[in-house]
2 protein chains.
Amino acid sequence: MARAATTSDAFNAVAEPRRRDILNYLAMQERSVSEIVDAMQMEQPSVSKHLKVLKGVGLVEARREGRQMLYKVNALAIRPLHEWTSTFERLWKHQLLRVKERAEANDAPKQ
Amino acid sequence: MARAATTSDAFNAVAEPRRRDILNYLAMQERSVSEIVDAMQMEQPSVSKHLKVLKGVGLVEARREGRQMLYKVNALAIRPLHEWTSTFERLWKHQLLRVKERAEANDAPKQ
DNA sequence: TTGACACATTCCTATATGGGAATATATTGG
DNA sequence: CCAATATATTCCCATATAGGAATGTGTCAA
């Protein structure tokens with residue numbers, strides 16, 4: 001079996017750095033494909049293909065306005081990723097605490 | 001160009017559902033490979049290969065204890081994902097607010 | 001040293017890209 | 001209807017899996 005399709009879920013879709021770049025850009029506001037192309041400095045077909053993947057997993061929504069297609073982020077689709085990572089938050093906070101404790105032990109070593 | 005390597009970063013590593021399963025399992029406590037194999041119901045070579053990927057991006061750490069290798073999560077490596085998703089949190093909260101407002105408008109329609 | 005247990009690695013294959021190039025489709029103005 | 005603009009899709013190819021099967025490596029007990 002090969003790797004799961006990029007359109008299988010949001011986790012796979014955002015694994016590609018270019019697609020995260022696009023989402024970051026769209027986070028500010030709705031944009032046309034040409035605006036994305038200019039901002040990302042990618043070829044137009046590449047942008048369209050990435051947008052198709054993002055749309056496939058619901059990470060963006062599109063609407064036509066004249067000749068242009070306007071895309072915007074659907075932030076709710078990112079929420080599952082946020083929640084999954086949150087389950088580890090307690091663990092890394094604990095890790096950081098131990099790092100801090102160790103640093104303080106070095107600042108005030110036993111005489 | 002093909003897809004980025006699964007070992008290129010944490011985003012690519014956790015795109016695979018089985019690897020998230022393993023991380024979820026290790027979140028509870030350090031485990032040996034056999035324990036993971038039993039819990040995940042996967043073939044041992046598959047588990048070893050997934051662990052290698054996870055270790056490659058620093059998501060897990062390993063230490064030998066006798067014949068066993070004990071793996072544990074390095075939660076700090078998940079933090080970048082959490083922080084990236086957090087940048088969209090304001091957006092989805094706003095989305096939810098609008099959904100709620102619309103619902104309330106329907107509960108009390110104009111007469 | 002030898003056998004057995006616990007893992008890791010290699011080999012093979014079907015599958016899914018992502019980018020570049022070329023082409024198709026949709027919409028608007030004249 | 002035609003040309004121009006804005007996107008989308010298709011074709012081609014090099015690359016990277018993930019799983020199954022087989023095999024290699026490391027460690028311990030006797």
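Here is the naming used below: chain letters follow the sequence lines, and residue numbers restart at 1 for every chain. Computed from heavy atoms alone, side chains included, the values below leave out hydrogens, waters and symmetry copies.
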Taking only distance into account, with no hydrogens and no angle test, what donor-acceptor pairs under 3.5 Å do side-chain atoms of residues 11-27 of chain A form with protein atoms, sequence neighbours excluded?
unit_1: A:Asn12; atom_1: ND2; unit_2: A:Ser8; atom_2: OG; d: 3.1
unit_1: A:Asn12; atom_1: ND2; unit_2: A:Asp9; atom_2: OD1; d: 3.1
unit_1: A:Asn12; atom_1: ND2; unit_2: B:Ala15; atom_2: O; d: 3.2
unit_1: A:Arg19; atom_1: NE; unit_2: A:Ala13; atom_2: O; d: 2.6
unit_1: A:Arg19; atom_1: NH1; unit_2: A:His50; atom_2: ND1; d: 3.1
unit_1: A:Arg20; atom_1: NH1; unit_2: A:Val14; atom_2: O; d: 2.6
unit_1: A:Arg20; atom_1: NH1; unit_2: A:Ala15; atom_2: O; d: 3.3
unit_1: A:Asn24; atom_1: OD1; unit_2: B:Trp84; atom_2: NE1; d: 2.8
unit_1: A:Asn24; atom_1: ND2; unit_2: A:Arg20; atom_2: O; d: 3.3
unit_1: A:Tyr25; atom_1: OH; unit_2: A:Arg31; atom_2: NE; d: 3.3

Side chain A:Ser46, main chain A:Met42, donor-acceptor under 3.5 Å: no
Pairwise side-chain contact, B:His94 with B:Arg98, heavy-atom cut-off 4.5 Å (strictly under): yes
B/S/- contact track for nucleotides 10-16 of chain C, protein heavy atom under 4.0 Å: B----BS
Residues that B:Lys52 engages under side chain to side chain contact (heavy atoms under 4.5 Å, CB included), provided they are two or more places apart: none
No-H, no-angle donor-acceptor pair, B:Glu43 side chain to D:dA21 base, under 3.5 Å: no
Any donor-acceptor pair under 3.5 Å from B:Glu35 side chain to B:Ser32 backbone: yes
Contact nearer the 5' end of DNA chain C, comparing B:Glu35 with A:Ser46: B:Glu35
Members of residues 53-74 of chain A that approach DNA chain D, where some heavy atom sits under 4.0 Å away: A:Arg67, A:Gln68, A:Met69, A:Tyr71
Rounded distance (Å) that lies between atom P of D:dT15 and atom CG of B:Asn12: 18 Å
Interatomic distance where CG belongs to B:Asp38 and C1' belongs to C:dC5 [whole Å]: 14 Å
Nucleotide D:dT15, atom C1' - distance to CD of A:Glu16 in whole Å: 13 Å
Strand contacts (DNA chain D) in residues 17-33 of chain B, 4.0 angstrom heavy-atom criterion: B:Arg18, B:Arg19
Side-chain donor-acceptor pairs of residues 54-80 of chain A under 3.5 Å, sequence neighbours excluded:
unit_1: A:Arg63; atom_1: NE; unit_2: A:Glu30; atom_2: OE2; d: 2.8
unit_1: A:Arg63; atom_1: NH1; unit_2: A:Glu65; atom_2: OE1; d: 2.9
unit_1: A:Arg63; atom_1: NH2; unit_2: A:Glu30; atom_2: OE1; d: 2.9
unit_1: A:Arg64; atom_1: NH1; unit_2: A:Gly66; atom_2: O; d: 3.2
unit_1: A:Asn74; atom_1: OD1; unit_2: B:Gln95; atom_2: NE2; d: 2.8
unit_1: A:Asn74; atom_1: ND2; unit_2: A:Gly58; atom_2: O; d: 3.0

B:Glu89/B:Thr85 under side-chain hydrogen bond (donor to acceptor under 3.5 Å, both in side chains): CA gap, chis, key distance, verdict: CA-CA 7 Å; B:Glu89 192 169 7; B:Thr85 58; over 6 Å; no
hydrophobic_cluster_shared for A:Val99 and A:Phe88, side chain cutoff 4.5 Å: no
A:Met28 CE: over 12 foreign heavy atoms closer than 6.0 Å: yes
Closest heavy-atom pair and its distance - B:Arg3, A:Ala4: NH2-O, 2.9 Å
Distance-only donor-acceptor test, A:Gln44 side-chain atoms vs D:dA8 base atoms, 3.5 Å: yes
OG1-CD distance between B:Thr87 and B:Glu83, expressed to the nearest 0.5 angstrom: 10.0 Å
Separation of atom CE in B:Met40 from atom P in D:dG19, rounded to whole Å: 13 Å
